[in-house]
There are 2 protein chains.
Amino acid sequence: MISSLSLDQLRVLVAIADAGSFSAAGRNLRRVQSAISQTVATLEATQEVTLFDRSGHRPQLTDTGRILVQQARMVLASAARFEAVAAGSRQGMEAELALAIDPLVPTAPLIGSLRALHETHPQLQISFSTEGLGGALRRLRAGDVSLALCLLLPDAPEDVTATPLIRINLLPVTAADHPLATLGRPATRVDLETHIQLVLSDPANRHGPNYGLTGSAPWRFVDLGRRMDFLLAGFGWCRMPEHLVKEHLDAGRLVRLTLDDDTRGNTDPLTIYAAHLADRVPGPAGRWLLSNLAARVAD
Amino acid sequence: MISSLSLDQLRVLVAIADAGSFSAAGRNLRRVQSAISQTVATLEATQEVTLFDRSGHRPQLTDTGRILVQQARMVLASAARFEAVAAGSRQGMEAELALAIDPLVPTAPLIGSLRALHETHPQLQISFSTEGLGGALRRLRAGDVSLALCLLLPDAPEDVTATPLIRINLLPVTAADHPLATLGRPATRVDLETHIQLVLSDPANRHGPNYGLTGSAPWRFVDLGRRMDFLLAGFGWCRMPEHLVKEHLDAGRLVRLTLDDDTRGNTDPLTIYAAHLADRVPGPAGRWLLSNLAARVAD
DNA sequence: TGCTTTCCATCATATCAGGTGATAGTTTTG
DNA sequence: CAAAACTATCACCTGATATGATGGAAAGCA
């Protein structure tokens with residue numbers, strides 16, 4: 001046998017440390033004292049350590065023994081976590097919750113909900129991925145994640161079930177020193193097409209549809225942060241979620257564009273959906289997260 | 001039995017995950033395949049979980065099973081730490097190393113040595129205490145710590161064995177705007193006695209000897225940092241370790257006092273000793289730390 | 001397709017770790 | 001000094017578990 005150490009030996013050791021004597025530990029564990037004595041003896045023999053100092057009346061933990069009791073508590077704690085995970089999945093709890101979210105999803109409420117989820121279900125492993133636009137849906141379809149927070153444009157697929165979660169306003173904006181900012185009248189399609197549009201695009205699908213594409217000279221970005229850098233630097237215009245540009249608008253670094261009727265078609269609020277595969281319903285933890293998140297964004 | 005989970009079950013579970021099949025795991029563990037099969041069955045029964053999907057040819061880990069394998073690895077890792085501690089103490093290694101240091105001991109080399117000690121003996125628990133002057137020696141005598149880095153003034157006690165470790169220069173200093181700083185001649189005993197001396201004193205022994213006490217109006221401090229604050233604020237003068245005031249001297253915030261022959265008696269370098277009780281010799285880790293520290297301060 | 005190999009579940013049997021109960025010795029308590 | 005509490009040791013026995021054999025199913029191979 002590679003190692004003869006057993007959890008039972010550790011349980012006995014900790015019980016002795018807690019109870020204060022071999023006999024008391026035996027009573028707590030419902031074993032006779034001799035069994036305790038013997039377990040300690042074999043533990044000491046197999047590990048070749050002296051756990052108790054027998055010179056006095058009742059055995060006293062040695063220095064080594066005290067440290068090993070601490071170690072034993074840690075082992076038992078991790079064993080308890082093992083059993084907690086088992087108990088969780090026994091009640092139908094998924095063993096892990098894998099999430100994917102699209103870049104446009106606001107992270108503030110998500111962070112709060114994830115923290116609350118971890119506190120409620122400490123043994124649940126949570127994994128999280130965010131990639132370019134469309135990545136969340138792709139990971140959902142690939143089976144990598146069980147829950148996606150994503151857009152469903154241009155069309156709602158058949159194989160996923162989605163519930164609306166948040167609506168975010170997209171505002172056409174540009175830098176304060178950009179020509180479009182000083183136009184003095186609503187921008188027409190021609191105005192827009194003569195300037196660079198900074199678009200988010202699905203990196204895996206470069207020639208597919210680009211949500212909100214109007215102009216003809218798009219620069220393509222995968223992540224919002226980098227697009228924001230270019231936007232602030234005055235390289236072009238784009239539609240941005242209201243909550244991300246509010247501060248810049250207030251500070252005057254960005255300005256909101258007014259569009260004429262012709263180009264206003266796709267300025268509807270964008271809806272973020274919580275989606276899962278139709279044949280793979282989220283477990284209790286996933287549903288808990290969704291309801292918590294829904295309550296949080298309702299504020 | 002409170003919990004029937006055993007380390008052996010976890011070893012088997014992990015072995016299967018590593019080997020890829022029950023049979024291969026059995027070969028690795030030198031048990032027949034039926035023993036593996038049975039262990040898995042009882043683990044699944046007692047925890048009431050399904051670890052393997054038996055629908056295919058060879059059992060495949062379920063989602064829950066995968067997570068539980070991860071958990072099992074963590075339990076086994078902590079069990080391995082338990083055994084590492086036991087193995088360490090089997091070789092005479094102390095189970096924990098408790099240190100106490102006096103405030104004047106320079107911390108820079110100590111931090112380096114402690115980090116190296118932790119890398120060399122990861123399973124060793126290191127505890128560390130620093131209190132007022134004399135506190136290290138007191139904790140050593142009380143048996144709280146096995147090793148003290150401390151002064152041995154005014155006299156070397158009989159019951160401890162000490163080896164010199166570092167000599168630190170004590171410089172009489174005061175703030176640049178203090179009257180003593182602009183004296184223009186070596187300070188006499190009378191000069192010093194008319195000004196406040198900022199002394200470190202043993203908080204447990206307020207009326208005992210105060211190392212380096214010259215003046216008659218001492219302000220007593222327990223920690224060096226606070227004393228430094230008062231020193232810089234121009235409240236008085238004191239002797240400080242060279243390495244702590246070098247920067248302030250260079251910057252002109254503090255100035256070194258020159259003393260006349262009469263008061264120069266106790267300006268000898270102060271020796272920091274590594275001390276242990278004569279009847280309680282440090283183990284390998286303590287000796288390792290001392291030699292590493294000695295090499296470090298030799299630079 | 002047919003043969004061989006590999007794999008797993010099940011069962012009866014054997015074995016051994018470990019729990020039980022009794023006893024003796026020691027220290028503490030009153 | 002007696003009673004109580006505690007531990008070590010021993011013989012004994014129980015039960016968990018490893019073994020070995022068997023059967024069936026899937027996969028590899030010619």
Side-chain angles (χ1 to χ4, degrees), chain A residues 1-62 64-66 68-69 72 76 79 83, chain B residues 1-62 65-66 69 72 76 79 83:
Chain A
M1 189 133 353
I2 304 285
S3 169
S4 62
L5 183 67
S6 79
L7 282 182
D8 198 63
Q9 292 171 327
L10 302 185
R11 290 191 195 102
V12 168
L13 176 60
V14 168
I16 296 170
D18 288 342
S21 79
F22 286 22
S23 307
R27 285 191 291 273
N28 290 346
L29 294 176
R30 290 158 206 288
R31 299 187 202 177
V32 296
Q33 167 264 322
S34 66
I36 305 297
S37 199
Q38 205 164 294
T39 299
V40 172
T42 63
L43 179 58
E44 286 184 312
T46 55
Q47 299 294 323
E48 298 178 53
V49 293
T50 304
L51 295 172
F52 292 91
D53 173 19
R54 266 90 166 177
S55 63
H57 168 42
R58 52 174 52 185
Q60 200 79 20
L61 272 173
T62 61
T64 302
R66 249 192 309 281
L68 284 179
V69 167
L76 294 181
E83 296 189 291
Chain B
M1 191 143 338
I2 304 284
S3 168
S4 61
L5 183 68
S6 81
L7 282 182
D8 199 63
Q9 292 172 326
L10 302 184
R11 290 191 195 101
V12 169
L13 176 60
V14 169
I16 296 171
D18 287 342
S21 78
F22 286 22
S23 307
R27 285 192 291 273
N28 290 345
L29 294 176
R30 293 159 200 291
R31 298 187 204 177
V32 296
Q33 167 266 322
S34 64
I36 305 296
S37 198
Q38 201 167 301
T39 299
V40 172
T42 63
L43 179 58
E44 286 184 312
T46 55
Q47 299 295 324
E48 298 177 53
V49 291
T50 304
L51 295 171
F52 292 91
D53 172 20
R54 268 90 165 177
S55 64
H57 169 42
R58 53 174 51 185
Q60 200 79 20
L61 271 173
T62 60
R66 249 191 310 283
V69 167
L76 293 181
E83 295 189 291

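First the proteins, then the strands, lettered A, B, ... as listed; each starts at 1.
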Check your understanding: Does a side-chain N or O from A:R54 land closer than 4.0 Å to OP1 or OP2 of D:dA8, or not?
Key -> yes

Between [options], which nucleotide gets closest to the side-chain atoms of [X]?
| X | options | value |
| --- | --- | --- |
| B:S37 | D:dT19, C:dT10, C:dG21 | C:dT10 |
| A:Q33 | D:dT7, C:dC11, C:dA22 | D:dT7 |
| B:A35 | D:dT9, C:dG21, D:dT19 | D:dT19 |
| A:P59 | C:dT10, D:dA8, C:dG21 | D:dA8 |

Practice item. Hey, could you give me each pair passing salt bridge (charged side-chain N to carboxylate O under 4.0 Å, His left out) that has a residue in residues 14-29 of chain B? Not counting sequence neighbours. Key: B:D18-B:R73

Check your understanding: Can you list every salt bridge (charged side-chain N to carboxylate O under 4.0 Å, His left out) pair that touches residues 42-60 of chain B, not counting sequence neighbours?
Key -> B:E44-B:R54

Review point. For the side chain of A:T62 and the backbone of A:T50, is there at least one donor-acceptor N/O pair under 3.5 Å apart?
Key: yes

Separation of [X] atom [atom1] from [N] atom [atom2], in whole Å?
| X | N | atom1 | atom2 | result |
| --- | --- | --- | --- | --- |
| B:D53 | D:dA26 | CG | P | 13 Å |
| B:L51 | C:dA9 | CG | P | 12 Å |
| A:Q60 | D:dC6 | CD | P | 14 Å |
| B:L5 | D:dA16 | CG | C1' | 15 Å |
| A:E44 | D:dA8 | CD | P | 9 Å |
| A:L43 | C:dG19 | CG | C1' | 17 Å |
| A:R31 | D:dA8 | CZ | P | 16 Å |
| A:F52 | D:dT7 | CZ | P | 9 Å |

Study note, to complete from the structure: Sorted by chain and residue number, the side-chain hydrogen bond (donor to acceptor under 3.5 Å, both in side chains) partners of B:E83 (sequence neighbours excluded) come out as A:S3, A:Q47

Looking only at heavy atoms, what is the nearest atom pair of [X] and [Y], with distance?
| X | Y | result |
| --- | --- | --- |
| A:I36 | A:G26 | CG1-CA, 3.6 Å |
| A:R66 | A:L61 | NH1-O, 3.7 Å |
| A:V69 | A:A17 | CG1-CB, 3.8 Å |
| B:R11 | A:L5 | NH2-O, 2.8 Å |
| B:L29 | B:A15 | CD1-CB, 3.8 Å |

Would you tabulate the pairs of protein nitrogen or oxygen atoms and nucleotide nitrogen or oxygen atoms of nucleotides 24-30 of chain C closer than 3.5 angstrom?
residue, atom, partner, partner atom, Å
C:dT27, O4', A:H57, ND1, 3.2

Review point. When rounded to the nearest 0.5 angstrom, what distance separates OG in B:S55 from CD in B:Q60?
Key: 8.5 Å

Practice item. Look up atom CG in A:L43 and atom CG in A:L51, then write down how far apart they are to the nearest 0.5 Å. Key: 5.5 Å

Extract from the structure each pairing of a protein N or O with an N or O of nucleotides 12-15 of chain C at less than 3.5 Å, listing the distance.
none

Revision key, fill the gap. So side-chain hydrogen bond (donor to acceptor under 3.5 Å, both in side chains) across residues 32-42 of chain B, not counting sequence neighbours, yields none

Point to revise | Test side chain to side chain contact (heavy atoms under 4.5 Å, CB included) applied to B:A72 - qualifying residues, sequence neighbours left out | key: A:F82, B:L10, B:L13, B:V14

Check your understanding: Does A:A19 have any side chain to side chain contact (heavy atoms under 4.5 Å, CB included) partners at least two apart in sequence or in another chain, and if so, which?
Key -> A:A24, A:A25, A:N28

Check your understanding: For A:T39, which contact category applies under a 4.0 Å heavy-atom criterion: base, sugar-phosphate, or nothing?
Key -> sugar-phosphate

**Study point:** Any pair counted as ring pair (Phe, Tyr, Trp, His ring centres under 6.0 Å), so long as it reaches residues 18-43 of chain B, sequence neighbours left out
**Key:** B:F22-B:F52

Review point. Got a sec? Which of residues 15-27 of chain B come in under 4.0 Å of DNA chain D, heavy atoms?
Key: none

**Study point:** No-H, no-angle donor-acceptor pair, A:S34 side chain to C:dG21 base, under 3.5 Å
**Key:** yes

Practice item. Could you tell me, to 10°, how much the axis swings from one end of the helix from C:dT1-D:dA30 to C:dG30-D:dC1 to the other, five pairs per end? Key: 40°

